[in-house]
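Reviewing the structure listed below.
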2 protein chains.
Amino acid sequence: MKVSLLESPRWQTCSDCAVRGFAVCSALDKAELRELVTLSRHIHCDPGATVFAQATMATSFFSVLEGVLRLYKLLPDGRRQIIGFALPGDFVGLAGSPQYEFSADAIGAVVFCQFSRASFARFAENRPRFLRRINELAGRELTRAQEHMVLLGRRSAEEKVASFLVGWRDRLAEIGHVGEVLPLPMGRLDIADYLGLTIETVSRTFTKLERDGIIRILTGGISLLDAARAEALSAA
Amino acid sequence: MKVSLLESPRWQTCSDCAVRGFAVCSALDKAELRELVTLSRHIHCDPGATVFAQATMATSFFSVLEGVLRLYKLLPDGRRQIIGFALPGDFVGLAGSPQYEFSADAIGAVVFCQFSRASFARFAENRPRFLRRINELAGRELTRAQEHMVLLGRRSAEEKVASFLVGWRDRLAEIGHVGEVLPLPMGRLDIADYLGLTIETVSRTFTKLERDGIIRILTGGISLLDAARAEALSAA
DNA sequence: CGTCAGGTTGACGCGTCTCAAAGTGGGTGG
DNA sequence: CCACCCACTTTGAGACGCGTCAACCTGACG
């Protein structure tokens with residue numbers, strides 16, 4: 001069974017954009033929205049395409065419309081840590097330093113809004129409501145990062161995988177995903193690099209969770225058979 | 001040898017506050033500063049005192065003036081992850097959820113400014129310059145968190161300790177610390193919980209770094225004998 | 001000089017990584 | 001439509017880094 005995150009209808013204009021309700025621009029009125037549109041470009045990109053790379057000049061901000069981005073940092077010797085996945089509605093590029101602090105590439109096909117940093121900053125500059133909205137998103141991002149640190153520093157492999165699955169389910173639910181099946185558009189290697197494990201450990205742990213009747217492994221996703229037990233493993 | 005972070009002269013008024021140049025309030029003019037003062041209280045607290053606790057009502061924001069706070073999250077079974085140390089000039093409480101997402105307590109004696117969340121928010125509400133300043137601090141915080149994730153997920157014990165020492169040196173330098181000796185006001189257990197290690201591993205790693213001539217262990221701190229080698233270990 | 005918290009050291013075990021091989025499914029071209 | 005291919009995943013066996021448990025050391029303080 002193939003599971004897709006691209007089932008939502010395509011947008012035509014900003015006002016009926018699929019992520020209108022929860023993206024950055026939710027804090028804008030019609031007039032402002034019309035102005036912001038003139039600063040944005042819609043970009044489609046193919047599976048695996050790099051959106052931007054760590055340490056290159058940060059010329060843009062991004063708002064994801066469809067699909068999933070993986071955000072990651074690389075060590076000089078090639079070790080990779082995925083610091084998060086960006087979903088529809090997520091705003092990317094907040095850090096504010098002149099270079100990107102991490103890389104981003106598409107998992108599957110992705111559509112996003114791109115803003116030039118300079119003109120976006122000029123637009124935001126004197127709009128307290130919009131600035132507060134950006135603050136809100138930054139705060140949420142920060143809270144997620146802190147939770148992720150606990151996971152990386154203090155949880156076992158099994159707890160990590162369970163936390164990931166529960167967290168992923170909750171994030172998809174937030175953006176309106178429903179259904180028995182939990183799609184996992186990213187591969188095992190991505191999950192491993194997100195959790196600070198190796199691909200083999202992730203694979204073994206998935207198998208163990210399935211043996212224990214907690215999940216069912218499908219191609220491109222899983223089914224959470226025993227959500228309560230998974231939540232217990234992810235240990236608040 | 002005893003090393004202190006409290007050598008700086010005490011403030012009298014906001015305008016000659018020791019952290020005036022790099023705290024949140026650096027974005028304010030004299031008049032605004034005078035207004036903000038009326039919303040703040042100066043608090044002194046003793047070594048080990050808890051400033052706020054995870055999952056309690058988030059009624060305040062904090063700006064550190066002197067000393068160091070440890071910020072941490074606890075798992076139900078008692079495992080602890082320190083997500084950061086707050087130094088003079090740092091602003092704490094950004095996340096914006098109704099409850100605190102983590103706990104904070106004093107390492108050594110601490111002095112900070114406390115703001116009621118509600119009145120602080122009202123003050124900030126229509127001050128774009130101030131909101132942008134808060135954004136800037138949030139972005140820096142986020143960048144640090146991302147770097148920390150790489151450390152927790154992808155570095156060995158030795159790399160973790162070296163990164164910590166180099167990072168700590170740089171943060172102290174940013175707030176004006178100079179001198180051969182790097183003070184470490186936190187104990188080994190704090191360092192372990194910051195790095196996702198046990199206290200024994202941290203202790204052993206310190207010893208190894210000293211044997212290798214990279215550091216010298218002092219009471220209450222270290223001396224970085226071979227900064228280049230430490231930086232190489234922390235592997236950018 | 002005794003006490004106590006914090007730090008260090010050692011021996012051992014376990015969880016995760018490493019290296020290697022085999023299995024699986026989707027896509028492509030004959 | 002089938003057979004091959006390739007990337008991805010799973011499984012296994014063995015090694016190793018870090019955790020665990022326990023003992024000892026050290027310096028600050030009364």
Side-chain angles (χ1 to χ4, degrees), chain A residues 1-4 46-48 70 75 77-81 105 107-109 151-164 183-212 215-222 233, chain B residues 1-4 47-48 70 75 77-81 107-108 151-165 183-212 215-222 233:
Chain A
M1 183 191 328
K2 173 87 176 193
V3 182
S4 169
D46 293 329
R70 87 185 130 236
L75 292 179
D77 63 2
R79 281 175 288 178
R80 183 178 73 156
Q81 177 66 47
D105 44 44
I107 296 176
L151 180 149
L152 291 169
R154 287 295 179 229
R155 291 176 132 112
S156 69
E158 193 175 14
E159 292 170 338
K160 284 177 173 180
V161 172
S163 296
F164 165 69
L184 297 175
M186 70 294 284
R188 296 288 186 268
L189 186 56
D190 287 335
I191 299 177
D193 285 345
Y194 180 74
L195 299 177
L197 297 170
T198 59
I199 184 173
E200 294 95 331
T201 299
V202 170
S203 182
R204 277 187 255 270
T205 306
F206 266 82
T207 305
K208 178 173 191 308
L209 290 178
E210 182 166 49
R211 259 202 322 270
D212 295 350
I215 65 170
R216 173 114 184 275
I217 301 174
L218 313 168
T219 58
I222 62 137
L233 273 176
Chain B
M1 185 191 328
K2 174 88 175 193
V3 183
S4 169
R70 86 184 130 237
L75 292 178
D77 64 2
R79 281 175 287 178
R80 184 178 72 155
Q81 177 66 47
I107 296 176
L151 180 149
L152 290 169
R154 287 295 179 229
R155 292 176 132 113
S156 69
E158 193 175 12
E159 291 170 336
K160 283 178 174 181
V161 172
S163 297
F164 165 68
L165 293 175
L184 297 174
M186 71 293 284
R188 294 290 186 270
L189 185 57
D190 287 334
I191 298 177
D193 285 347
Y194 179 76
L195 298 177
L197 297 170
T198 59
I199 184 174
E200 294 94 332
T201 299
V202 170
S203 182
R204 275 187 255 271
T205 306
F206 267 81
T207 304
K208 177 171 193 310
L209 291 177
E210 182 167 48
R211 257 202 324 271
D212 295 350
I215 64 170
R216 173 113 186 274
I217 300 174
L218 312 169
T219 57
I222 61 136
L233 273 176

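Since the model is a prediction, treat every value here as computed from it, not as a measurement. Throughout, a chain's letter reflects where its sequence line sits, starting with A, and its residues are numbered from 1.
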Next item on the list: Give the rounded distance in Å between these two atoms: CG of Leu184(A) and C1' of dG25(C).
Entry: 17 Å
Checklist line | Selected nucleotide, minimal atom distance to Glu200(A) side chain, candidates dT16(C), dT8(C), dA20(C) | finding: dA20(C)
Check: What is the distance, rounded to the nearest whole Å, between atom CD1 of Ile217(A) and atom C1' of dT11(D)?
Finding: 12 Å
Check: Counting only heavy atoms not in Arg216(B), do more than 12 sit closer than 6.0 Å to its CZ atom?
Finding: no
Note to self: Expressed as a whole number of angstroms, how long is the span from Lys208(B):NZ to dG17(D):P?
What the structure shows: 11 Å
Check: If you round to the nearest 0.5 Å, how far is CG of Leu197(A) from CZ of Arg154(B)?
Finding: 7.0 Å
Next item on the list: Rounded to the nearest angstrom, tell me the gap between atom CE in Met186(B) and atom C1' in dG7(C).
Entry: 16 Å
Margin query: Can you measure Leu152(B) atom CG to dT16(C) atom C1' for me and round it to whole angstrom units?
Written below: 17 Å
Note to self: Any donor-acceptor pair, under 3.5 Å, between the side chain of Arg211(A) and the base of dT11(D), if you only look at N and O atoms?
What the structure shows: no
Checklist line | Closest listed nucleotide, where the reference is the side chain of Thr198(B) and the choices are dG19(D), dA28(D), dT10(D) | finding: dG19(D)
Next item on the list: Please figure out whether Thr201(A) or Arg154(A) has its closest DNA chain D nucleotide nearer the 5' end.
Entry: Thr201(A)
Notebook entry, point to check: Over how many whole Å does the gap from Ile222(B) atom CD1 to dG7(C) atom P extend?
Noted result: 15 Å
Check: Quick one: are Ile222(B) and Leu209(B) in side-chain contact, heavy atoms under 4.5 Å?
Finding: no
Margin query: So, taking the atom named CG in Leu189(B) and the one named CD in Glu200(B), what distance separates them when rounded to the nearest 0.5 Å?
Written below: 9.5 Å
Next item on the list: Show the numbers, then the answer: is there a side chain to side chain contact (heavy atoms under 4.5 Å, CB included) between Lys160(A) and Thr201(A)?
Entry: CA-CA 11 Å; Lys160(A) 284 177 173 180; Thr201(A) 299; over 6 Å; no
Checklist line | Distance below 4.0 Å between Arg188(A) side-chain N/O and dT10(D) OP1 or OP2 | finding: yes
Margin query: Base, sugar-phosphate or nothing for Thr207(B)? Non-hydrogen atoms, less than 4.0 Å.
Written below: sugar-phosphate
Check: Rounded to whole angstrom units, what separation is found between the CD atom of Glu158(B) and the C1' atom of dG17(D)?
Finding: 12 Å
Next item on the list: Would you classify Gly196(B) as touching base, sugar-phosphate or nothing, given that sugar-phosphate means primed atoms plus P, OP1 and OP2, and contacts are heavy atoms under 4.0 Å?
Entry: sugar-phosphate
